[in-house]
Amino acid sequence: MITDFPAMKRALILAQEALEADEVPVGAVIVDSQTGTIIAEARNSMQQAGDATAHAELTALKAAMVAKGDARLAECDLYVTLEPCPMCAAAIALVRIRRVYYGAEDPKSGGVDHGPRIFQSSSCHHQPEVVSGIMEKESAKLLRIFFQSKR
């Protein structure tokens, strides 16, 4: 198993930036699987943008589509620090991301391995490969820090 994930390390830096901006600490990076090049990245910015849909994954997906000049990202992989929610999972399927790597599980609001399991739905037309638990402890730590500060 690969143990070095530079893209996930970058996603963690973005999640840290989100934490420092008082946003839920989630970072996302999209990599062109053919070249290994990062083509888009984002962090949660819902509070800053005043937009409940400004999740790291959606923002990164939009930027990647612009960068590639295509509505499909079939040769791209997504690295994200938290299991995508149902909204983000549906978007990931729509753009045909090849593989999703995520850090911390989200038993309450996840949409991949928890909750509605979007990729297993009969209405889902694309099922990316999913690799979970990548740098999970580091991802979960940032989330714990954030939510403890809110209690």
Side-chain angles (χ1 to χ4, degrees), residues 1-18 23-140 142-143 146-147:
M1 174 114 189
I2 300 170
T3 57
D4 184 33
F5 290 92
M8 186 60 89
K9 289 176 184 173
R10 178 65 187 146
L12 279 165
I13 290 168
L14 294 165
Q16 178 67 43
E17 290 175 7
E23 298 274 0
V24 177
V26 177
V29 172
I30 298 179
V31 174
D32 182 317
S33 66
Q34 303 292 326
T35 65
T37 305
I38 292 175
I39 59 168
E41 60 181 40
R43 63 168 178 81
N44 270 4
S45 57
M46 295 176 292
Q47 301 303 317
Q48 178 184 356
D51 179 356
T53 68
H55 291 202
E57 300 96 308
L58 287 184
T59 305
L61 289 171
K62 289 175 186 178
M65 287 184 280
V66 169
K68 295 287 276 183
D70 195 344
R72 300 285 191 235
L73 301 173
E75 299 302 324
C76 295
D77 297 337
L78 168 67
Y79 293 79
V80 61
T81 57
L82 179 65
E83 176 183 352
C85 73
M87 173 181 68
C88 292
I92 290 163
L94 287 172
V95 303
R96 308 293 197 263
I97 285 286
R98 182 181 79 118
R99 187 175 293 135
V100 175
Y101 296 91
Y102 76 81
E105 293 183 340
D106 191 349
K108 184 176 179 183
S109 300
V112 175
D113 290 323
H114 297 87
R117 300 174 190 225
I118 297 298
F119 302 144
Q120 279 75 49
S121 170
S122 62
S123 64
C124 185
H125 300 295
H126 173 73
Q127 190 174 43
E129 182 181 342
V130 175
V131 181
S132 61
I134 306 303
M135 301 184 81
E136 180 176 15
K137 290 178 184 174
E138 297 89 337
S139 298
L142 292 175
L143 291 158
F146 177 82
F147 287 109

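- Between the side chain of Arg72 and the main chain of Leu94, a donor-acceptor pair closer than 3.5 Å is present.
- Every residue meeting the side-chain hydrogen bond (donor to acceptor under 3.5 Å, both in side chains) condition with Glu41, not counting sequence neighbours, appears here in chain and number order: Arg10.
- For residues 23-51, the set of pairs meeting the ring-ring contact (aromatic ring centres under 6.0 Å, His included) definition, not counting sequence neighbours, is empty.
- Residues that satisfy the salt bridge (Lys or Arg N to Asp or Glu O under 4.0 Å) test with Asp106, not counting sequence neighbours, are absent from this structure.
- Scanning for ring-ring contact (aromatic ring centres under 6.0 Å, His included) contacts around Tyr79 gives Tyr101, with sequence neighbours left out.
- A search for side-chain hydrogen bond (donor to acceptor under 3.5 Å, both in side chains) contacts involving Ser123 returns Ser121, not counting sequence neighbours.
- Under the side-chain contact (heavy atoms from CB on, under 4.5 Å) criterion, Pro128 pairs with Ile92, Val100, Phe119, His126, sequence neighbours left out.
- Of the possible polar contacts, none joining the Asn44 side chain to the Ala18 backbone as a donor-acceptor pair under 3.5 Å is found.
- Under the ring-ring contact (aromatic ring centres under 6.0 Å, His included) criterion, no residue pair touches residues 25-60, with sequence neighbours excluded.
- For His114, the side-chain hydrogen bond (donor to acceptor under 3.5 Å, both in side chains) test picks out Glu83, with sequence neighbours left out.
- Residues passing the salt bridge (Lys or Arg N to Asp or Glu O under 4.0 Å) test with Arg96: none are found, sequence neighbours excluded.
- For Asp77, the salt bridge (Lys or Arg N to Asp or Glu O under 4.0 Å) test picks out Arg98, with sequence neighbours left out.
- The salt bridge (charged side-chain N to carboxylate O under 4.0 Å, His left out) pairs that include a residue from residues 46-62 number zero, where partners must be two or more places apart or lie in different chains.
- Scored by the side-chain hydrogen bond (donor to acceptor under 3.5 Å, both in side chains) test, Glu129 finds Arg99 as partners (sequence neighbours excluded).
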